[in-house]
Amino acid sequence: PTRRSSDLRSQRVLSTENRCTSPGKTTVSAVTTAATSIATIDMEHTLTQLPIWSSLTEQEQETLRRSAFVRHYEKGAFVHSSDNECLGMLFVLSGEIRTYLLSEEGREVTLFRLYPGELCVLSASCVISQITFDTQMTAGMDTEVLIIPANIIAAIKEKNLYVRCFLYELATKRFSDVMWAMQQIMFKGLDRRLAEFLLAEAERTGSDTIRMTHEQIAQHISSAREAVARMLKNFSEDGLVELKRGAITLRDKNRLNHLK
């Protein structure tokens, strides 16, 4: 009955379309109504993948069974903004979430990306009052996330010392990611940042062909599309990469490594 009720709860959440607007962006449907794939998720198994699960009491585990739910975000959908409601703690099941800062002029600075199996507490800034900077989150591809509502994780944090320590440790890790991103922008030239990004993507995906547009790469390395396009053209002329429509193939990893 627990598993069935969890699956039904996931379907009810997804049956209501939630529309959010990112500052300076076109309104995008954040949550789709495609509940078919979500309904097949074993909620009990999904919850046991949480790093904090084994440290919860039986009562706290039951609370998560009743309250946690899964959402599906389409590629490009707006997931969270500090201006919106406190969403809660996110656990990525599939896809990718990009977290970034957005200036008043519309410039984006990518802070970090979240992949399957990773948690984020920046979407629960109301739970950890020390998180004071504004961030935006969008789905880099079709993405499914497990969400633990903010009020639930806040209540558990107050009673469970392990959960409290875990959340602060996770927040510290994300802050380190932010500092690394700032260091890249301030102290590394575009050629080095681009080379490092291409090599990291090839390693992450297990393929020397990176299927991204110039605009997507520019967002990830916090640069302008035109600047990325020019640098990729230089890389191509030097024999480092081969450019195709919507794809970049690495041809000389050794030289790219030396460049970064």
List for me each residue that meets side-chain contact (heavy atoms from CB on, under 4.5 Å) alongside [X], sequence neighbours excluded, and say none if there are none.
| X | answer |
| --- | --- |
| Pro51 | Leu119, Phe166 |
| Ala227 | Leu190, Ser223, Ala224, Arg230 |
| Thr209 | Ser207, Arg211, Ala247, Thr249 |
| Glu237 | Lys233, Asn234 |

State which residues pass salt bridge (charged side-chain N to carboxylate O under 4.0 Å, His left out) with [X]; sequence neighbours excluded, sorted by chain then number.
| X | answer |
| --- | --- |
| Lys188 | Glu196 |
| Arg251 | Glu242 |
| Lys173 | Asp177 |
| Asp142 | none |

Nearest-0.5 Å distance that lies between atom [atom1] in [X] and atom [atom2] in [Y]:
| X | Y | atom1 | atom2 | result |
| --- | --- | --- | --- | --- |
| Ile97 | Thr143 | CD1 | OG1 | 6.0 Å |
| Ile147 | Ile152 | CD1 | CD1 | 13.0 Å |
| Arg98 | Gln219 | CZ | CD | 4.0 Å |
| Ile210 | Ile217 | CD1 | CD1 | 6.5 Å |
| Ser236 | Ile248 | OG | CD1 | 10.0 Å |
| Glu169 | Tyr162 | CD | OH | 7.5 Å |

| query | Is the shortest side-chain N to carboxylate O distance from Glu60 to Lys159 below 4.0 Å? | reply |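 Looking at Lys159 together with Glu60, the answer is no, because their closest N to O distance does not fall below 4.0 Å.
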| query | Are Ile148 and Trp53 connected in a single hydrophobic cluster, I mean Ile/Leu/Val/Met/Phe/Trp/Tyr linked by side-chain heavy atoms less than 4.5 Å apart? | reply |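 Trp53 and Ile148: one cluster.
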| query | Would a hydrophobic clustering, with Ile, Leu, Val, Met, Phe, Trp and Tyr connected at side-chain separations under 4.5 Å, put Leu259 with Leu243? | reply | yes
Got a donor-acceptor contact below 3.5 angstrom from the [X] side chain to the [Y] backbone?
| X | Y | answer |
| --- | --- | --- |
| Arg255 | Asp238 | yes |
| Asn160 | Ser55 | yes |
| Gln216 | Thr213 | yes |

| query | For Met186, what are the other residues in its hydrophobic cluster, where any two members join if their side-chain heavy atoms are less than 4.5 angstrom apart? | reply |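 Direct or chained contacts put Met186 with Phe187.
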| By side chain to side chain donor-acceptor pair (under 3.5 Å), which residues pair with Tyr115, not counting sequence neighbours? |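 Partners of Tyr115 under the side chain to side chain donor-acceptor pair (under 3.5 Å) test: Arg113, Arg204.
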| Can you check whether Leu240 reaches Leu250 side chain to side chain, under 4.5 Å on heavy atoms? |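 When only atoms from C-beta onward are counted, Leu250 and Leu240 do not touch, as no gap falls below 4.5 Å.
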| said: Per the ring-ring contact (aromatic ring centres under 6.0 Å, His included) rule, what does the pair list look like for residues 239-259, sequence neighbours excluded? | reply: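 Qualifying pairs: none.
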| task | Using the test ring-ring contact (aromatic ring centres under 6.0 Å, His included), find all partners of His220 that sit at least two apart in sequence or belong to another chain. | result | Phe197
| task | Would you please test Arg71 and Glu144 for salt bridge (charged side-chain N to carboxylate O under 4.0 Å, His left out) and show each step? | result | CA-CA 6 Å; Arg71 277 185 180 173; Glu144 289 178 355; over 6 Å; no
